[in-house]
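Read through the structure below, which is laid out as structure tokens, and then see the notes.
Given the structure is predicted, the values throughout are model-derived calculations rather than measurements. Residue numbering restarts at 1 for every chain, and letters A, B, ... go by the order of the sequence lines.
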Protein chains: 2
Amino acid sequence: MPELPVPPAALRDFTAGLLGTLDVPRDDAALVADSLVQADLWGHGSHGVLRLPWYVARLRSGAMTARTDPAVLSDTGPLLLLDGRDGIGQVLADTARRLAVERARTHGVGVVGVRNSNHFGTAMYWTRRAARDGCVAILTTNASPAMAPWGGREKVLGTNPWSIAAPAADGRVVAVDIANTAVARGKIHLAKNRGEAIPETWAMAPDGSPTTDPAEGVLGVLLPMAGHKGYAITFLMDVLSGALTGSSVGASVHGPYEPERRSGCGHLFLAIDPAAFGDPGGYTERVEQLIAEVKDVPLAPGVDEVFYPGEVEDRAQAAALAAGGLHLAEQTLADLLQLSAETGVPFEPGTAPR
Amino acid sequence: MPELPVPPAALRDFTAGLLGTLDVPRDDAALVADSLVQADLWGHGSHGVLRLPWYVARLRSGAMTARTDPAVLSDTGPLLLLDGRDGIGQVLADTARRLAVERARTHGVGVVGVRNSNHFGTAMYWTRRAARDGCVAILTTNASPAMAPWGGREKVLGTNPWSIAAPAADGRVVAVDIANTAVARGKIHLAKNRGEAIPETWAMAPDGSPTTDPAEGVLGVLLPMAGHKGYAITFLMDVLSGALTGSSVGASVHGPYEPERRSGCGHLFLAIDPAAFGDPGGYTERVEQLIAEVKDVPLAPGVDEVFYPGEVEDRAQAAALAAGGLHLAEQTLADLLQLSAETGVPFEPGTAPR
């Protein structure tokens, strides 16, 4: 394992170069690369370049098409429906973001449904983009079965992540990104790659028994966050993302780690322009009031600082950049080096500056 | 305590009659009464007629105005902003529901922000109404401080409830209604009224220590659901409900149990017409597929049946109606009888049929 951190630019260049060899257009490859490396920079290694080999396998099999070319199926002005036609999830999510923001600027609100998409990485990446565009944004997606209905013991529903982000003052963004399971499945994959045990509250083994083995957890059933609440939320997120958009739902959705199945996942992107409510300056003041109130609260014993939602990610990125880059899991590095060897796209993470 | 259940019609008549004596117009009084009794029928006693004395106190003080008369501040077509001018929360929520559905039928999506509102009871009551109108609906609200930011020990943020509901086949509705705390504050009030202890996971005492005493929990700090996730969700729900609509946010929002303070709470109501995506029949089939998949899952040990979200409430209502009515908490009954004595509006819950 290399002693030195991997510079983000090197990771981006490798990821984009690799996708380029698979016929992904240059801009799309750069977008996917940035979204994955950004997740690593935010400290969400479970949604970072760890996932690149899965995308590569799906592009190679043709389950995900390299040239994303969505079709517009409905357009009322403030609301659109796109058929993603099995293109790259990140490219479709960004198309939805761009259209939702554009329509919000015209109509106050923009809603874009996407059917027949693919895994788009971390939801916060897309809502934060819309927030940087000046909009309050909500993004939902469905995902392959990972969770049992409350009281059941087999996987039917996905983690169905969703994110809300909103602009604050001075370019700051407040943002939440939630998987409706106790943890995202990617965190169990990451623990497996790192050879670490998982808490018993994360997942059941395939036979329904508790487990601390990430290999069993990956095969077994994730537990919902907040008990029955997480189950109910994830069900309704499937309604928004899949049922409403005309995509697959429930057990019919396939995940990014299945190399040969089309995903069938769907998304719903909502953007609201605060200016449509007539007082954008007041909006920003109110968000800053919320930030100030949570930052100024008396602390619980043993706590140094309270963070507003999204601040942890910004701090993680600043720390990674200050340290010169990212420390990837050993298995992730090995996977990337193998892809480099297979394709001839250069990747030299362990090179020490002399 | 009466041996016999209270018939819902008697509760509705008393509630509406009582509000009528406080200058609430007849239709508005009937709406508030139905929304409170419906919460009791769904088994959500914490949001039922338990709250009537609070509303009465606020109407008497003038903190909440009896004649709700919202002003339209913005209207883009698919998006409106209403100033509730301190009217009754239920009346404003239903106005928002009606407008959001109407605009969704025209534009595919309707968004209605409400500022300067009041407590609207249970969020699911309004989203289910929109679902019965044929729309998928999301409703968010902010609320008075009940939760500490993650790592803090003083209340800054509300439970900020939110609900999503969606139509299924044959008039069925799937629905979730979430308070972002481990429990709704009302459940602690209900335990206090019932003289029952609360689990240690529900709330901290005012000094930050664990407690099983509901009286301490009411004064203390509720714990978020799912740890830091519940904190981040509730923060963003305040952005949607308060910051975006130009209402109060964070610690500036006042609760229904404060008789003399204007609330300042705000709501955001979103409706989407599935028909706008071009395939309403397919939409219904997909929701029914989800229902069938969760109902058909192999059961965990000791579980008799898996419920789809919202089914528990429908079952509770059917059981209450079959039993002839509702069993209210002793303190709640005493409060209602006192209101009856004060106002001369008749209420005879304990009358046995002979």
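Heavy atoms of B/Ser247 lying under 4.5 Å from chain A belong exclusively to its backbone. Both the backbone and the side chain of A/Ile291 come within contact range of chain B, with heavy atoms under 4.5 Å apart. At a 4.5 Å heavy-atom cutoff, A/Thr106 makes no contact with chain B through either its backbone or its side chain. Heavy atoms of A/Met237 lying under 4.5 Å from chain B belong exclusively to its side chain. Looking at A/Val287, both its backbone and its side chain come within 4.5 Å of chain B, counting heavy atoms on both sides. When heavy atoms are compared at a cutoff of 4.5 Å, A/Thr234 does not approach chain B at all. In this structure, chain B has a heavy atom under 4.5 Å from the side chain of A/Ile178, while its backbone stays farther away.
The ring pair (Phe, Tyr, Trp, His ring centres under 6.0 Å) check on B/Trp162 picks up A/Trp162, with sequence neighbours excluded. Taking the ring pair (Phe, Tyr, Trp, His ring centres under 6.0 Å) definition, one finds that B/His267 meets it with B/Phe120, sequence neighbours left out.
Taking both residues in full, the closest heavy atoms of B/Arg153 and A/Val297 are given as N-CG2, 4.4 Å, listed atom of the first, atom of the second, then distance. Heavy-atom minimum distance, B/Val109 versus A/Pro78: CG1-CB, 3.9 Å. Across every non-hydrogen atom of B/Ile272 and A/Leu244, the tightest pair is CG2-CD2, 4.0 Å. Across all their heavy atoms, B/Leu79 and A/His107 have their closest contact at CB-O, 4.1 Å. Between B/Ala243 and A/Tyr283, the shortest heavy-atom contact is O-CD1, 3.6 Å. Between B/Ala166 and A/Val239, the closest heavy-atom pair is CB-CG1, 3.6 Å.
When each of A/Thr245, A/Val111, A/Leu81 is scored by its heavy-atom pairs under 4.5 Å with chain B, the top score falls to A/Leu81. In terms of heavy-atom pairs under 4.5 angstrom with chain A, the leader among B/Ala232, B/Gly77, B/Gly250 is B/Ala232. Your options are A/Val156, A/Leu80, A/Val249, and the one with the most heavy-atom pairs under 4.5 Å with chain B is A/Val249. With chain A as partner, the option from B/Gly108, B/Ala165, B/Ala276, B/Ser248 having the largest number of non-hydrogen pairs under 4.5 angstrom is B/Ala276. By number of non-hydrogen pairs under 4.5 angstrom with chain B, the leading residue of A/Lys155, A/His228, A/Met225, A/Arg115 is A/Met225. For chain A, the option among B/Glu293, B/Gln289, B/Lys295 with the highest count of heavy-atom pairs below 4.5 Å is B/Glu293. Among B/Pro280, B/Gly246, B/Pro274, the residue making the largest number of heavy-atom pairs under 4.5 Å with chain A is B/Gly246. In terms of heavy-atom pairs under 4.5 angstrom with chain A, the leader among B/Ala251, B/Gly278, B/Gly227 is B/Ala251. For the set B/Asp279, B/Leu73, B/Ile233, the count of heavy-atom pairs under 4.5 angstrom toward chain A peaks at B/Ile233. Chosen from A/Asp296, A/Thr76, A/Asp75, the residue pairing most often with chain B at heavy-atom distances under 4.5 Å is A/Thr76.
The backbone N or O of B/Ala226 lies less than 3.5 Å from no partner atom in the side chain of A/Lys229, so there is not a single donor-acceptor pair.
Contacts between residues 298-307 of chain A and chain B, counted as heavy-atom pairs separated by less than 4.5 Å, involve A/Pro298, A/Leu299, A/Ala300, A/Val303, A/Val306, A/Phe307. Within residues 130-148 of chain A, the residues having any heavy atom less than 4.5 Å from a heavy atom of chain B are, in residue-number order, A/Val136, A/Ile138.
Screening A/Val176, A/Val174, A/Ile164 for a side-chain contact (heavy atoms from CB on, under 4.5 Å) involving B/Phe235 leaves a single residue, A/Val174.
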